[in-house]
Chemist: 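Before I ask anything, let me first share the structure, which is written out below as structure tokens.
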Amino acid sequence: MLQVNDIRDHKDKMITALAKRGIDTKQVIEEVLQADEDRRGTQAKLDETLAQSNNFSKEIGMLFQKGETQKANLLKEKTGQLKEKSKVLTEQLNEAADRLEQLLYTLPNIPNELVPAGTDENDNEEVFKEGEIPVLKEGSLPHWELAKKYDIIDFELGVKITGAGFPVYKGKGARLQRALISYFLDKNTEAGYTEFQVPHLVNEASGYGTGQLPDKEGQMYHSTVDDLYLIPTAEVPVTNMFRGDLLNLTDLPITCTAYTPCFRREAGSYGAHVRGLNRLHQFDKVEIVRIEHPDNSYAALDGMVDHVKDILRELKLPYRILRLCGGDLGFTSALTYDFEVFSTAQDRWLEISSVSNFETFQANRLKLRFKDSDGKNKLAHSLNGSALALPRVLAGILENYQTPEGIKIPEVLVPYCGFNMID
RNA sequence: AGAGAGGUGGCCGAGUGGCUUAAGGCGCACGCUUGGAAAGCGUGUAUACGGCAACGUAUCGAGGGUUCGAAUCCCUUCCUCUCUGCCA
């Protein structure tokens, strides 16, 4: 959520910056400023009314103690009017505050200067590319065929017990998945991130905190009996650990990593691009989250990008890094780098990580602040990234490492797997 | 799940309708004192919103209500603890 003060101070700059997302916010911004003015004006009137009322009450108390009941009763009548007035003003205030909040919910984050203009994924800017794309032998297969051939993932079995998009991993497939999770967590821990195990269901307040609610209500599985949501990413429980906190400078930066399964309804996603592991309702992911001082958040973002690079280098997977354009940038993000692994057998790039700086956008909803060196309380910057999302990494390994003899295991994973070949 | 007890500032803790502008203590910060420190003394020490400011308003787990006035009374709800039950 954007801050009203910023909108008040830099109206035109913000409209220009948001235009990079391909949206015209002039109208909404004007309405925001109007609602803000209404809210402030009404609050001033309400405060004044309440102040009068408080004064009368004190007087009445003193009169009663002195035994001047008659005078007290006279004053009581006056306060009745004030009460009516404050009731009306309170309603007006709530109305203006709600209107303001609703309007603010519709505004996405301000894109960083580096964000290229553009409307969709075709306008994303490739900023880095590394790794050799292997030349596969005749008869190479996409991962869903390989999964069947070596009996390591059973999609039909998942359909039987739950539905489409809930695969069952089996034997060396399950072991490889577990190996990847351990490897990722170890890499993140070595880089200084503290490992957490967090709940996989969250309450409504957490959904609002990180911005999944109210906009993306339909994307989460909702357990209505207890009013809890299955997490679509570890970002939600991890970032919400700090909801409402007022941190000391010495607490920063906060760096966390967590492995969780992720649940996404993915309503309306069908077609060839969702085959196999490409898009699932349940998948595993290891996430990294940072809470940073505003002065340091972009250096931290670069650090996260380097960290993910390092992992992909070790896995020896061909990948590229995209700087998302305005049209493709997530609602809450100011700057996002997507990592894509090249899936040779499918001849396409698969997104396996997304690393973002949200600046104060999430912190504003979360009320996540820190006490700066000047003694003032300020909103912190929050960042997160996948390190990494499992299924597409798995798909990349299966497809790029396939040989006529079987699927080789990347060297760094062998100690975690206990085998070096799936055959 | 049942019975009982609770939730007050950074922490402990008093507070059953108006001298509460939340006592007192601890901690922390600054000052005095000192060769230096400790002790002692003094001052200060929450958050949000509005205001250039003085200041005002709100907040005693959360949300409603009663009252001229609520930390205090009533209702709802969440959470914690103790005992009992159930359970991996």
Side-chain angles (χ1 to χ4, degrees), chain A residues 1-9 32-105 197-209 213 223-229 237 240-252 254 291 360 362-380:
Chain A
M1 190 160 67
L2 296 176
Q3 292 169 263
V4 198
N5 292 351
D6 288 346
I7 298 178
R8 222 153 39 198
D9 298 343
V32 164
L33 292 175
Q34 185 59 52
D36 180 46
E37 212 169 288
D38 289 350
R39 179 186 61 94
R40 285 186 297 155
T42 312
Q43 169 140 21
K45 280 188 221 162
L46 176 62
D47 284 357
E48 199 188 324
T49 311
L50 289 174
Q52 278 178 35
S53 179
N54 286 343
N55 283 333
F56 280 139
S57 291
K58 270 177 215 158
E59 256 183 79
I60 291 169
M62 294 208 304
L63 289 172
F64 270 127
Q65 278 183 341
K66 281 193 227 156
E68 301 186 44
T69 319
Q70 229 175 356
K71 276 192 188 170
N73 284 330
L74 244 125
L75 266 184
K76 267 203 209 181
E77 283 174 37
K78 274 197 193 172
T79 56
Q81 291 167 10
L82 288 176
K83 210 180 168 187
E84 280 305 307
K85 196 173 164 190
S86 69
K87 219 176 208 173
V88 174
L89 286 169
T90 303
E91 270 168 38
Q92 280 176 19
L93 178 64
N94 289 339
E95 189 273 325
D98 284 352
R99 185 153 46 92
L100 179 61
E101 191 168 58
Q102 291 308 314
L103 287 164
L104 286 174
Y105 275 151
Q197 290 198 18
V198 292
H200 299 166
L201 287 116
V202 294
N203 56 30
E204 197 181 34
S206 295
Y208 275 96
L213 293 173
S223 172
T224 50
V225 181
D226 298 295
D227 201 15
L228 295 172
Y229 295 85
N240 271 284
M241 292 197 292
F242 308 100
R243 166 155 45 88
D245 284 3
L246 178 55
L247 303 165
N248 293 312
L249 266 182
T250 49
D251 297 327
L252 297 173
I254 291 173
I291 311 295
T360 59
Q362 283 186 330
N364 193 25
R365 276 201 204 180
L366 288 163
K367 297 279 167 286
L368 170 49
R369 296 154 303 152
F370 69 99
K371 200 170 272 296
D372 208 352
S373 48
D374 59 7
K376 292 207 174 114
N377 299 330
K378 296 176 187 168
L379 292 172

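Reminder, nothing fancy here: chain letters follow the sequence lines and each chain counts from 1.
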Chemist: Give me the distance, rounded to whole Å, that separates B:A71 from B:G63 when you measure between the P atoms they each carry.
Modeler: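 It comes out at 13 Å once rounded to the nearest Å.
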Chemist: Need the pair for B:U16. Rule: Watson-Crick or G-U wobble, both distances under 3.5 Å, any strand; none if unpaired.
Modeler: none
Chemist: I'd like the C1' distance from B:U16 over to B:C60, given in whole Å.
Modeler: 15 Å
Chemist: Report yes if at least one side-chain N or O of A:N73 is closer than 4.0 Å to OP1 or OP2 of B:C68; otherwise report no.
Modeler: no
Chemist: The side chain of A:S57 is closest to which nucleotide in this list: B:G50, B:A48, B:G18?
Modeler: B:G18
Chemist: Assign A:K371 to base, sugar-phosphate, or nothing according to its heavy-atom contacts below 4.0 angstrom with the strands shown.
Modeler: sugar-phosphate
Chemist: On a whole-Å scale, what distance lies between the C1' atoms belonging to B:G17 and B:G65?
Modeler: 16 Å
Chemist: Sort out the partner of B:A53 for me: Watson-Crick or G-U wobble, both distances under 3.5 Å, none otherwise.
Modeler: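 In the structure as shown, B:A53 has no Watson-Crick or wobble partner.
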Chemist: Could you state the atom-to-atom distance from CG of A:D38 to P of B:G50 in whole Å?
Modeler: 14 Å
Chemist: Can you measure from CD (A:E59) to NZ (A:K76) and round to the nearest 0.5 angstrom?
Modeler: 14.5 Å
Chemist: With C1' as the reference atom in both, quote the distance from B:C41 to B:U47 in angstrom, rounded to an integer.
Modeler: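 Here B:C41 and B:U47 have their C1' atoms 31 Å from each other.
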Chemist: Which base, if any, makes a Watson-Crick or G-U wobble pair with B:A23, both distances under 3.5 Å?
Modeler: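 Here B:A23 is not engaged in any pair, so there is no nucleotide opposite it.
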Chemist: Distance between the P atoms of B:C73 and B:A14, in whole angstroms?
Modeler: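 Comparing P positions in B:C73 and B:A14 gives a spacing of 16 Å.
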Chemist: Quick one: do A:K87 and A:E91 make a salt bridge, cutoff under 4.0 Å?
Modeler: no
Chemist: If I take atom CG in residue A:N248 and atom P in nucleotide B:G27, what distance separates them, rounded to the nearest angstrom?
Modeler: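 Roughly 19 Å, once rounded to whole Å.
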Chemist: Once you apply the 3.5 Å cut-off to both distances, tell me the Watson-Crick or G-U wobble partner of B:U66, or none.
Modeler: none
Chemist: How many whole angstroms separate atom CD of A:E204 from atom P of B:A62?
Modeler: 18 Å
Chemist: Of the candidate nucleotides B:U47, B:C49, B:U57, which contains the atom at the shortest distance from the side chain of A:A51?
Modeler: B:U57
Chemist: Indicate whether the side chain of A:N73 and that of A:E77 have a donor and an acceptor atom separated by less than 3.5 Å.
Modeler: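 Note: A:N73 and A:E77 side chains miss the donor-acceptor criterion.
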Chemist: Rounded to whole Å, how long is the line connecting atom CZ of A:R39 with atom P of B:C49?
Modeler: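 Value for this atom pair: 8 Å.
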Chemist: What integer distance in Å separates A:L50:CG from B:G56:P?
Modeler: 13 Å
Chemist: Partner of B:A46 by Watson-Crick or G-U wobble geometry, both contacts under 3.5 Å, or none?
Modeler: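 Pairing partner, where one exists within any strand: B:U59.
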Chemist: Less than 4.0 angstrom between a side-chain N/O of A:N203 and OP1 or OP2 of B:C78, yes or no?
Modeler: no
Chemist: Going by purine N1 to pyrimidine N3 plus the second Watson-Crick contact, or the G-U wobble pair, all under 3.5 Å, which nucleotide sits opposite B:C81?
Modeler: B:G4
Chemist: Between A:M62 and A:N377, who's closer to the 5' end of RNA chain B by nearest nucleotide?
Modeler: A:M62
Chemist: Please measure how far the C1' atom in B:G31 lies from the corresponding atom in B:U80, and state the result in whole Å.
Modeler: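 That atom pair is separated by 42 Å.
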Chemist: Looking only at side-chain N and O atoms, does A:R40 come under 4.0 Å of OP1 or OP2 in B:G51?
Modeler: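 True: A:R40 side-chain N/O within range (under 4.0 Å) of B:G51 OP1/OP2.
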Chemist: Nearest to the side chain of A:R369 - B:A58, B:C68, B:A48?
Modeler: B:A48
Chemist: Toward the 5' end of RNA chain B, which comes first, A:G61 or A:G80, by nearest nucleotide?
Modeler: A:G61
Chemist: With no hydrogens and no angle check, do the side chains of A:S57 and A:N54 hold a donor and an acceptor under 3.5 Å apart?
Modeler: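 Their side chains do not contain a donor-acceptor pair, so the 3.5 Å distance test is not met.
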Chemist: Starting the side chain at C-beta, find the nucleotide from B:U67, B:G50, B:U57 nearest to A:N54.
Modeler: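 Comparing B:U67, B:G50, B:U57 against the side chain of A:N54, the answer is B:U57.
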Chemist: Rounded to whole Å, please give me the gap between CG in A:N94 and C1' in B:A48.
Modeler: 15 Å
Chemist: Which atoms form the tightest heavy-atom contact between A:I291 and A:A380, and what is the distance?
Modeler: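 Closest approach of A:I291 to A:A380, heavy atoms only: CG2-CB, 3.8 Å.
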Chemist: Rounded to the nearest 0.5 Å, what separation is found between the CE atom of A:M1 and the NZ atom of A:K367?
Modeler: 5.0 Å
Chemist: What is the base-pairing partner of B:A88, counting Watson-Crick and G-U wobble geometry with both distances under 3.5 Å?
Modeler: none
Chemist: Partner lookup for B:G9, please. Criteria are Watson-Crick or G-U wobble with both distances under 3.5 angstrom; report none if nothing qualifies.
Modeler: none
Chemist: Could you measure between the two C1' atoms, the one in B:U34 and the one in B:G25, and give it in whole Å?
Modeler: 27 Å
Chemist: A:K87 NZ to B:C68 C1': how many Å, rounded?
Modeler: 14 Å
Chemist: For the P atoms, the ones on B:A22 and on B:U59, what distance do you get once it is rounded to whole angstrom?
Modeler: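 One P to the other, the span is 12 Å.
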Chemist: Is there a donor in the side chain of A:N377 and an acceptor in the side chain of A:K371, or the other way round, less than 3.5 Å apart?
Modeler: yes
Chemist: Counting neighbours of NZ on A:K378 that are heavy atoms of other residues, nucleotides or ligands and sit closer than 6.0 Å, is the number greater than 12?
Modeler: yes
Chemist: Let me know the distance between CG of A:D47 and P of B:G56, rounded to the nearest Å.
Modeler: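 For the pair A:D47 CG and B:G56 P, the rounded distance is 11 Å.
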